[in-house]
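First the structure, in the form of structure tokens, and then the observations on it.
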Amino acid sequence: MLKRQSSDSISAFFTQLRNGIIARRKTICVPQTNLNWSLASLLLRENFIEGAFQISPKLEYFVVVLGERGAESKILNITRLSRPSKRVYIKSKKIPRILDGMGLVVLSTSQGLMTGQEARNKSLGGELLCEIW
């Protein structure tokens, strides 16, 4: 049976992440795209997930390690801000702070994916992808 690919891979990634957290999974398998890999790397760098690795370069999936079973998740909420039907772009001076720095906002900039704080420091604006806390 063929799986239908989502036209919005970011929303599909976030849905898999949310469902894995609710089901208290230790790992989830995510479709291999450059954007998904960049998001997983950013979440790993910001300590929201435990790890991300490829099983094999030939497979079209990679594994995201959420944490130990039964342990509290570090992600309480993840909200998609910009959608394919309604893009949200923002200047560097208008980047929001989430929960006074406890959460983060992810932007897609001309220099790649980065957190709101990194974009603010580099004076870069871009497309608001999501907010996480």
Side-chain angles (χ1 to χ4, degrees):
M1 181 172 155
L2 292 173
K3 278 191 159 185
R4 187 174 155 216
Q5 290 292 328
S6 172
S7 62
D8 187 8
S9 66
I10 300 171
S11 290
F13 176 70
F14 292 154
T15 300
Q16 285 183 307
L17 202 60
R18 268 189 235 105
N19 290 343
I21 290 168
I22 290 169
R24 294 180 179 245
R25 300 270 184 202
K26 185 176 179 179
T27 61
I28 58 171
C29 287
V30 180
Q32 175 70 41
T33 65
N34 289 339
L35 192 56
N36 284 350
W37 183 256
S38 296
L39 275 170
S41 300
L42 189 131
L43 291 176
L44 178 62
R45 191 175 71 229
E46 296 295 324
N47 294 322
F48 280 102
I49 60 175
E50 299 289 320
F53 58 91
Q54 291 178 324
I55 298 171
S56 169
K58 295 178 185 175
L59 294 178
E60 41 190 62
Y61 293 94
F62 68 94
V63 175
V64 174
V65 181
L66 299 175
E68 293 300 319
R69 286 185 192 207
E72 282 296 313
S73 173
K74 297 175 187 169
I75 299 174
L76 298 176
N77 190 8
I78 188 163
T79 306
R80 178 91 156 103
L81 298 173
S82 182
R83 294 178 171 81
S85 61
K86 185 180 179 192
R87 303 286 184 182
V88 178
Y89 296 98
I90 196 158
K91 294 181 180 180
S92 64
K93 303 233 188 271
K94 303 279 185 177
I95 296 173
R97 292 186 189 274
I98 307 300
L99 298 175
D100 289 329
M102 294 296 289
L104 65 98
V105 66
V106 178
L107 280 89
S108 176
T109 67
S110 58
Q111 296 181 8
L113 289 184
M114 57 182 67
T115 65
Q117 183 64 39
E118 293 169 343
R120 210 176 292 114
N121 291 342
K122 293 181 179 183
S123 297
L124 288 172
E127 182 181 356
L128 274 176
L129 295 180
C130 67
E131 59 184 18
I132 304 168
W133 68 85

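None of the values given here were measured: they were computed from a predicted structure. Residues take their numbers from the sequence shown, with the count starting at 1.
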Hydrophobic clustering (ILVMFWY, side-chain heavy atoms < 4.5 Å, transitive) - are [Y] and [X] grouped together?
X      : Y      : result
Trp133 : Leu107 : yes
Ile90  : Leu113 : no
Leu44  : Ile21  : yes
Ile98  : Leu128 : yes
Leu59  : Val63  : yes

Between [X] and [Y], which heavy-atom pair has the shortest distance, and what is it?
X      : Y      : value
Ser9   : Leu35  : OG-CD2, 4.5 Å
Ile49  : Ala40  : CD1-O, 3.4 Å
Pro96  : Val105 : O-CG1, 3.8 Å
Phe53  : Trp37  : CA-CH2, 4.0 Å
Ser11  : Arg80  : OG-NE, 3.3 Å
Gly125 : Thr109 : O-CG2, 3.5 Å

So [Y] and [X], do their side chains get closer than 4.5 Å, heavy atoms only?
X      : Y      : value
Glu127 : Leu129 : yes
Ser73  : Leu66  : no
Thr33  : Phe13  : no
Leu17  : Leu43  : yes

Taking atom [atom1] of [X] and atom [atom2] of [Y], what is their separation to the nearest 0.5 Å?
X      : Y     : atom1 : atom2 : value
Ile132 : Leu39 : CD1   : CG    : 7.5 Å
Thr115 : Glu46 : OG1   : CD    : 5.0 Å
Cys130 : Leu42 : SG    : CG    : 8.0 Å

Quiz item: For Asn19, which residues count as a side chain to side chain contact (heavy atoms under 4.5 Å, CB included) partner, sequence neighbours excluded?
Solution: Thr15
Exercise. Would you mind telling me which of Thr79, Asn77, Leu104 makes a side-chain contact (heavy atoms from CB on, under 4.5 Å) with Glu131?
Key: Thr79
Exercise. State whether the side chain of Gln16 and the backbone N or O of Cys29 hold a donor-acceptor pair below 3.5 Å, judged by distance alone.
Key: yes
Quiz item: Could you go step by step and tell me if Gln32 and Asn36 meet the side chain to side chain donor-acceptor pair (under 3.5 Å) rule?
Solution: CA-CA 7 Å; Gln32 175 70 41; Asn36 284 350; over 6 Å; no
Exercise. For Arg97, look at atom CZ and say whether over 12 heavy atoms of other residues, nucleotides or ligands are found less than 6.0 Å away.
Key: no
